[in-house]
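Both counts, for ligands and for their atoms, begin at 1 and track the order of listing.
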Amino acid sequence: MEAVNQLWSRITGEIRTQVNEANLKIFLNSINPVGIEGETLILEALNDVCRDWVERRYQTIIQKILQGATPPLSCVFVTRTRKEARKNPVQPCLPAINGPSVPITLPEKAPTEKSHVPVMTQFNGKYTFDTFVVGKSNQFAHAVCQAVASKPLGTAYNPVFIYGGVGLGKTHLMQAIGQEVLKTNPKLRVAYLSSEAFTNEFIEAVKDKKMNEFRAKYRRRDLLLIDDVQFFVGKDSVIEEFFHTFNELFQNKKQIILTSDAPPKKIQRLEERLVSRFEMGVVCDVQSPDLEMRVAILKKAAARSVMKVPDDILMYLAEGVVSNVRELEGAFNRVVAYASVVQKAIDKDLVDQVLKDFFREQTPGKVSISWIMKRVAEYYDIPEIEMTSKRRSANLVLPRQVAMRISQMLTESSLNQIGAHFGGRDHTTVMHSCEKIRDRVANEPAFAAEFERLLRWVDPKGR
Ligand code: ADP
Ligand code: MG
């Protein structure tokens with residue numbers, strides 16, 4: 001097997017032939033090879049921004065070289081832990097878009113981004129069965145979770161797989177199980193962590209040559225709770241490890257609970273062997289709360305609140321905020337916080353005033369076409385002016401088409417209006433572009449994943 005250093009110099013050599021000096025320097029400052037685990041090369045990035053940047057631009061080149069290695073390798077990207085970053089700070093050098101590279105301040109992380117610190121997450125004392133409101137949208141998941149919590153060793157429900165959209169209580173339910181089990185059986189060995197934390201810990205273990213400890217830690221659990229398993233996708237060596245952990249626990253009749261944003265079969269690019277294992281037990285979903293449940297959730301929040309919130313206001317809020325429980329709680333907290341600051345009673349006017357901003361943030365259309373053009377040009381590293389130019393080389397046509405499709409999705413502009421922004425193009429051109437991109441997203445999983453990343457790049461808040 002090729003040594004890491006040799007492999008790395010082949011990769012940098014190849015990249016050197018394809019980019020200018022400035023970008024090469026950024027690349028070298030952004031990322032380091034840390035080792036080979038099994039058949040996976042582990043590359044460590046300075047931080048999340050660098051990781052995304054390198055992944056986006058150079059993954060294809062890197063993969064091509066890795067596939068040619070003997071044996072062929074895959075790669076995973078990880079980020080330096082905060083601890084290490086603090087110990088050994090490096091001035092980050094970020095990609096300069098269309099210009100010489102200069103060190104610039106890191107953009108603020110999107111609030112939804114997870115940190116990559118490999119720690120075992122503690123339970124949140126708020127996430128218990130007591131505080132969980134049951135309604136039609138989650139009663140099955142709730143019943144299954146309670147059954148498992150009351151008999152953690154040996155229900156027929158193994159594994160339990162809970163899926164559903166964001167803010168609908170998956171993490172809450174999962175932590176409720178963990179906390180309940182520990183309350184009644186304090187001796188049981190329970191581990192709760194996200195798939196990202198599992199990944200990071202695995203990588204640390206590889207680096208520190210502590211794989212035996214890592215394996216022992218997770219394969220000797222009575223209850224293993226892994227949150228957001230969709231983040232395992234694409235990380236081959238981690239999946240391999242997790243697969244063995246899963247099998248060992250399962251064979252020993254230890255309880256496993258998993259959550260995800262989609263049912264096993266619908267998690268894009270999830271390996272078949274994992275899909276089939278995830279489906280072996282009970283798969284249950286949590287859905288958006290109906291009005292009755294939204295009111296119930298607000299009543300519970302109101303009962304905890306120091307401020308008096310009249311019932312008709314709770315109803316008013318429940319009618320206005322429909323997306324998920326997290327948003328609902330957020331809206332409630334804002335109203336109460338505002339009322340206590342201005343020392344006013346809570347009435348509909350006050351709610352309207354506070355939620356005006358909240359609703360505006362929620363509504364689509366806040367992303368402008370110019371913003372989309374700018375961000376997409378940045379993503380593909382082409383001058384923004386090419387968005388409106390008539391040049392038709394392939395490296396310009398794709399970004400332009402993608403930007404048109406995103407404009408169609410995220411703004412309320414008509415095809416004509418979009419065309420006007422893109423250098424006065426005809427609406428049929430816009431339509432054709434949008435269809436083409438939609439087609440590719442539907443038929444090419446790799447492109448679909450890329451497009452997803454782009455959408456987040458354009459609109460991190462995911463309006
Ligand atoms: P998910 O993991 O599905 O994204 P969370 O479990 O983090 O969602 O829930 C988001 C917020 O909403 C948390 O504060 C959680 O306590 C609350 N929540 C979600 N569902 C319920 C529910 N049925 N009853 C009470 N609180 C809930
Ligand atoms: Mg969650």
Side-chain angles (χ1 to χ4, degrees), residues 110-116 119-146 148-149 160-180 191-199 224-233 256-264 266-267 278 283-305 309 314 317-318 320-337 358 362 456 460-462:
T112 50
E113 259 177 37
K114 304 248 164 65
S115 76
H116 290 261
V119 287
M120 291 265 284
T121 320
Q122 298 294 314
F123 287 121
N124 181 334
K126 213 189 98 194
Y127 294 171
T128 60
F129 283 116
D130 287 347
T131 57
F132 193 80
V133 176
V134 186
K136 284 194 204 78
S137 59
N138 60 17
Q139 60 190 16
F140 179 57
H142 174 258
V144 170
C145 291
Q146 276 216 312
V148 169
V160 172
F161 190 101
I162 309 163
Y163 72 89
V166 292
L168 296 180
K170 301 182 295 296
T171 298
H172 188 138
L173 267 179
M174 185 180 235
Q175 293 205 8
I177 299 176
Q179 304 199 67
E180 181 71 23
Y192 163 81
L193 71 172
S194 69
S195 65
E196 277 192 311
F198 185 92
T199 302
L224 179 65
L225 310 157
I226 304 269
D227 212 352
D228 289 322
V229 292
Q230 71 271 18
F231 294 123
F232 275 140
V233 165
I256 303 163
I257 298 157
L258 310 154
T259 73
S260 164
D261 62 352
K266 289 272 167 63
I267 304 179
F278 290 172
V283 176
C284 43
D285 68 341
V286 285
Q287 291 170 5
S288 296
D290 58 14
L291 180 66
E292 193 186 337
M293 190 174 143
R294 298 201 296 278
V295 172
I297 286 167
L298 289 175
K299 284 208 164 136
K300 218 157 182 164
R304 284 194 301 264
S305 162
V309 189
L314 295 182
L317 269 171
V321 184
V322 300
S323 45
N324 65 50
V325 183
R326 190 175 295 146
E327 297 279 9
L328 192 62
E329 286 186 338
F332 177 86
N333 291 338
R334 269 192 207 212
V335 168
V336 170
F358 185 76
Q362 279 196 319
R456 256 181 287 130
K461 274 177 144 178

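Between Y127 and H172, the angle of the ring planes stays under 30°, which puts this pair in the parallel group of the 30/60° scheme.
The main-chain N or O of G165 is found under 3.5 Å from a side-chain atom of K170 such that the two form a donor-acceptor pair. Checking side-chain atoms of Q179 against main-chain N and O of F129 turns up no donor-acceptor pair under 3.5 Å. Between the side chain of S260 and the backbone N or O of Y163 there is no donor-acceptor pair closer than 3.5 Å. At distances below 3.5 Å, not a single donor-acceptor pair connects side-chain atoms of T128 with backbone N or O atoms of A176.
By the criterion of a heavy-atom distance under 4.0 Å, neither the backbone nor the side chain of N324 is placed next to ligand 1.
Taking 4.0 Å as the cut-off, P289 does not count as a neighbour of ligand 1 on heavy-atom distance. Residue-ligand proximity: G167 is placed with a non-hydrogen atom under 4.0 Å from ligand 1. A heavy-atom separation below 4.0 Å is found between K126 and ligand 1.
Heavy-atom contacts of V133 reach the following atoms of ligand 1: 22 (C), 23 (N), 24 (N), 25 (C) (cutoff under 4.0 Å). The contact set between ligand 1 and N138, taken as ligand atoms under 4.0 Å from a residue heavy atom, comprises 23 (N). Atom numbering of ligand 1 starts at 1 in the shown order; those under 4.0 Å from a heavy atom of Y127 are 13 (C), 14 (O), 15 (C), 16 (O). Short contacts between ligand 1 and G165, defined as distances under 4.0 Å to a heavy atom of the residue, involve ligand atoms 3 (O). Atom numbering of ligand 1 starts at 1 in the shown order; those under 4.0 Å from a heavy atom of V166 are 4 (O).
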Validation: residues 138-145 side-chain donor-acceptor distances under 3.5 Å, sequence neighbours left out:
{"from": "N138", "atom 1": "OD1", "to": "G135", "atom 2": "N", "distance (Å)": "2.8"}
{"from": "N138", "atom 1": "ND2", "to": "V133", "atom 2": "O", "distance (Å)": "3.1"}

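Taking any N or O of G169, backbone or side chain, at least one lies under 3.5 Å from an N or O belonging to ligand 1. Residue contacts with ligand 1: L168 is placed with a nitrogen or oxygen under 3.5 Å of a nitrogen or oxygen of the ligand (distance criterion only). For ligand 1, the polar-atom distance check against F132 finds no nitrogen or oxygen pair separated by under 3.5 Å.
Taking atom 7 (O) of ligand 1 as the reference point, the nearest protein heavy-atom neighbour is R326 NH2, 2.8 Å. Shortest contact from atom 15 (C) of ligand 1 to any protein heavy atom: H172 ND1, 3.4 Å. Protein heavy atom at the shortest distance from atom 25 (C) of ligand 1 is T131 O, 3.3 Å. Protein heavy atom in closest approach to atom 27 (C) of ligand 1: V325 CG1, 3.4 Å.
Two residues are said to be in side-chain contact when any heavy atoms from C-beta on lie closer than 4.5 Å; L193 and I226 meet this criterion. Counting heavy atoms from C-beta on, the side chains of F231 and S194 never come closer than 4.5 Å. Side chains of E180 and Q146 form no contact here, defined as non-hydrogen atoms less than 4.5 Å apart. Residues L258 and F232 are not in side-chain contact: their nearest non-hydrogen atoms beyond the backbone lie 4.5 Å or more apart. Contact check for V166 versus D261: no side-chain heavy atoms found under the 4.5 Å cut-off. Using a 4.5 Å heavy-atom threshold, the side chains of V321 and F332 count as separate. Counting heavy atoms from C-beta outward, F278 and V283 have side chains that stay 4.5 Å or more apart. Inter-residue side-chain proximity for D285 and P263 is flagged as unmet; no heavy-atom pair is nearer than 4.5 Å.
Selection from E329, K170, M293 by nearest heavy atom to atom 3 (O) of ligand 1 gives K170.
Around the Mg ion (ligand 2), protein N, O or S atoms at less than 2.8 Å comprise T171 OG1.
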